[in-house]
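Take a look at the structure below.
Fair warning: this is a prediction, and the values are worked out from it, not measured in the lab.
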Amino acid sequence: MIPLLPATPQSLLQAASELQAGRLVAFPTETVYGLGAKATDALALAKVFEAKRRPFFDPLIIHIADRESMAPLVAPSAAAGARVKLLMDRFWPGPLTLVLPKSDAVPDLATSGLPTVALRMPSHPVALALIRAAGFPIAAPSANPFGRLSPTCAEHVRSAFAEGDGISLILDGGPCEVGVESTILSLAGVTPMLLREGGIPRSEIEALIGPVEIGAASAAASASGPRPLAPGQLEGHYAPRTRLKLLTHTETLPLAGSRLGYLGFRGGPREPHAAVEILSPDGDLRAAAANLFACLHRLDRAGLDLIYAEPVPETGLGVAIMDRLRKAATGSGIE
Ligand code: AMP
Ligand code: MG
């Protein structure tokens with residue numbers, strides 16, 4: 001098993017030295033657990049893609065601990081933009097990733113050959129302490145095999161990888177508070193473009209900087225670069241191994257003789273199910289987001305034939321939750 005250490009000053013130093021040596025460390029952020037590597041070390045980045053079996057067309061998010069670390073990573077004028085400053089003032093540190101024109105310091109592997117780089121300042125104290133201890137920005141996608149359920153606690157990471165996957169250690173910082181990935185906003189074009197729904201609702205961004213365009217898979221194309229298929233934009237992602245069906249109403253469609261699971265928003269199913277998980281008995285969308293992946297992991301381990309998932313209201317964080325559930329359904333093999 002991969003070593004799992006509670007985050008302490010000592011384990012942070014150990015993790016930092018692993019990163020400095022070009023090796024991989026899994027660590028907590030407020031969104032989900034990340035699989036980190038030194039952002040400017042192409043060889044270390046290659047190990048991330050290998051461990052996750054992540055296609056090289058899918059760029060990584062680079063995590064920084066202070067604003068000064070941004071300048072060397074972006075094109076000279078990019079950090080000075082008025083919208084960039086407004087967004088950083090309001091949402092950093094936190095679950096908002098900004099896509100900006102990149103500098104030469106960022107390896108092409110990190111950006112899948114795109115002329116832009118995705119940057120985020122996480123708010124989790126362990127993530128910030130690790131970046132500072134390492135002394136450089138950390139590139140980190142979610143610490144799970146590509147396309148599968150995201151990890152929101154250290155145990156999810158440990159059970160998803162084997163020792164041979166090249167991960168030196170997992171820092172345990174408890175369960176993730178937000179529980180869904182960051183919102184990704186591109187400021188590389190004339191109009192800001194939302195590339196992924198996530199921990200900061202679009203409405204909060206629009207209240208600050210005005211309307212944003214919604215990026216479709218094809219809209220992620222850059223005129224000058226290759227086209228990434230971002231996971232936020234793939235139709236199937238975040239998938240359990242068990243088939244998952246997103247209900248359009250709260251009635252279930254019993255499948256004779258099968259073991260059925262149920263993921264409810266605030267209440268349980270009408271008929272008995274082999275396993276039931278409730279996202280938030282109070283109907284709180286923040287709590288529902290924080291519980292989403294842990295509930296799905298438990299249902300996925302319950303030996304079920306099918307998981308029914310109830311829709312949640314599509315407001316605030318509910319938009320990101322529904323995005324994950326739709327993609328989980330598609331990724332599990334259900335259209
Ligand atoms: P994750 O797998 O949660 O680390 O998210 C990585 C995602 O960030 C990618 O799949 C893209 O959606 C997005 N991303 C990273 N870099 C870029 C970029 N340069 N341009 C557009 N999207 C990016
Ligand atoms: Mg991911």
Does Leu279 form a side chain to side chain contact (heavy atoms under 4.5 Å, CB included) with Leu263? I'd like the steps, not just the answer. CA-CA 7 Å; Leu279 290 175; Leu263 179 68; 3.8 Å; yes
Output yes when a side-chain donor or acceptor of Asn144 lies under 3.5 Å from a complementary backbone atom of Leu149, and no otherwise. yes
Could you check whether any side-chain N or O of Ser112 sits under 3.5 Å from a backbone N or O of Phe57, counting only pairs where one atom can act as donor and the other as acceptor? yes
Is any side-chain heavy atom of [X] closer than 4.5 Å to a side-chain heavy atom of [Y]?
X      : Y      : result
Pro311 : Leu325 : no
Leu119 : Trp92  : yes
Glu177 : Arg286 : no

Does a salt bridge link [X] with [Y], judged by any charged N lying under 4.0 Å from a carboxylate O?
X      : Y      : result
Glu314 : Arg326 : yes
Asp89  : Arg67  : yes
Arg298 : Glu277 : yes
Asp165 : Arg53  : yes

Can you tell me which residue pairs pass the ring pair (Phe, Tyr, Trp, His ring centres under 6.0 Å) test with a partner in residues 24-50, sequence neighbours excluded?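 Checked against ring pair (Phe, Tyr, Trp, His ring centres under 6.0 Å) - neighbours excluded - the pairs reaching residues 24-50 are Phe49-Phe56.
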Sort and list the pairs that fulfil ring pair (Phe, Tyr, Trp, His ring centres under 6.0 Å) and have at least one residue in residues 152-188, not counting sequence neighbours.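 Residue pairs with at least one partner in residues 152-188: His156-His297.
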For Ile200 and Ile205, what are the C-alpha separation, side-chain angles and deciding distance, and is it a side chain to side chain contact (heavy atoms under 4.5 Å, CB included)? CA-CA 8 Å; Ile200 303 285; Ile205 293 170; 3.9 Å; yes
Any link between [X] and [Y] through a network of hydrophobic side chains (Ile, Leu, Val, Met, Phe, Trp, Tyr) touching at under 4.5 Å?
X     : Y      : answer
Leu5  : Ile138 : yes
Val84 : Val190 : no
Leu86 : Leu187 : yes

Tell me every residue that passes side-chain hydrogen bond (donor to acceptor under 3.5 Å, both in side chains) with Asp41, counting only those two or more places apart in sequence or in another chain.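 With neighbours one apart ignored, the set is empty.
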State whether a side-chain donor-acceptor pair under 3.5 Å links [X] with [Y].
X      : Y      : answer
Ser280 : Asp282 : no
Tyr262 : Glu310 : yes
Glu181 : Ser150 : yes

Full working for side chain to side chain contact (heavy atoms under 4.5 Å, CB included) between Leu299 and Thr242: CA-CA 8 Å; Leu299 289 170; Thr242 317; over 6 Å; no
Pairs where residues 94-109 contributes a residue and the test side chain to side chain donor-acceptor pair (under 3.5 Å) is met, not counting sequence neighbours: Thr97-Ser182
Nearest 0.5 Å please: distance from the [atom1] atom of [X] over to the [atom2] atom of [Y].
X      : Y      : atom1 : atom2 : result
Glu204 : Arg90  : CD    : CZ    : 6.0 Å
Thr31  : Phe293 : OG1   : CZ    : 10.0 Å
Ile62  : Met121 : CD1   : CE    : 14.0 Å
Leu73  : Thr111 : CG    : OG1   : 11.5 Å
Ile184 : Leu98  : CD1   : CG    : 10.5 Å
Arg132 : Leu128 : CZ    : CG    : 5.0 Å

Atom CZ of Arg301: over 12 foreign heavy atoms under 6.0 Å: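 Above 12, so yes.
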Just to verify, what does Ser69 make a side-chain contact (heavy atoms from CB on, under 4.5 Å) with, not counting sequence neighbours? Ile64, Asp66
Is the NZ or CZ atom of Arg324 both under 6.0 Å from the centre of the six-membered ring of Tyr238 and within 45° of that ring's axis?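 Checked: cation-pi criterion met.
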Within 45° of the six-membered ring axis of Phe146 and under 6.0 Å from that ring's centre, is NZ or CZ of Lys52 located there? no
Run the numbers on Phe136 and Ile131 for side chain to side chain contact (heavy atoms under 4.5 Å, CB included), then give the verdict. CA-CA 6 Å; Phe136 45 69; Ile131 299 164; over 6 Å; no
Enumerate the residue pairs fulfilling salt bridge (Lys or Arg N to Asp or Glu O under 4.0 Å) with a member in residues 10-35, sequence neighbours excluded, ordered by first and then second residue. Glu18-Arg23, Glu30-Arg120
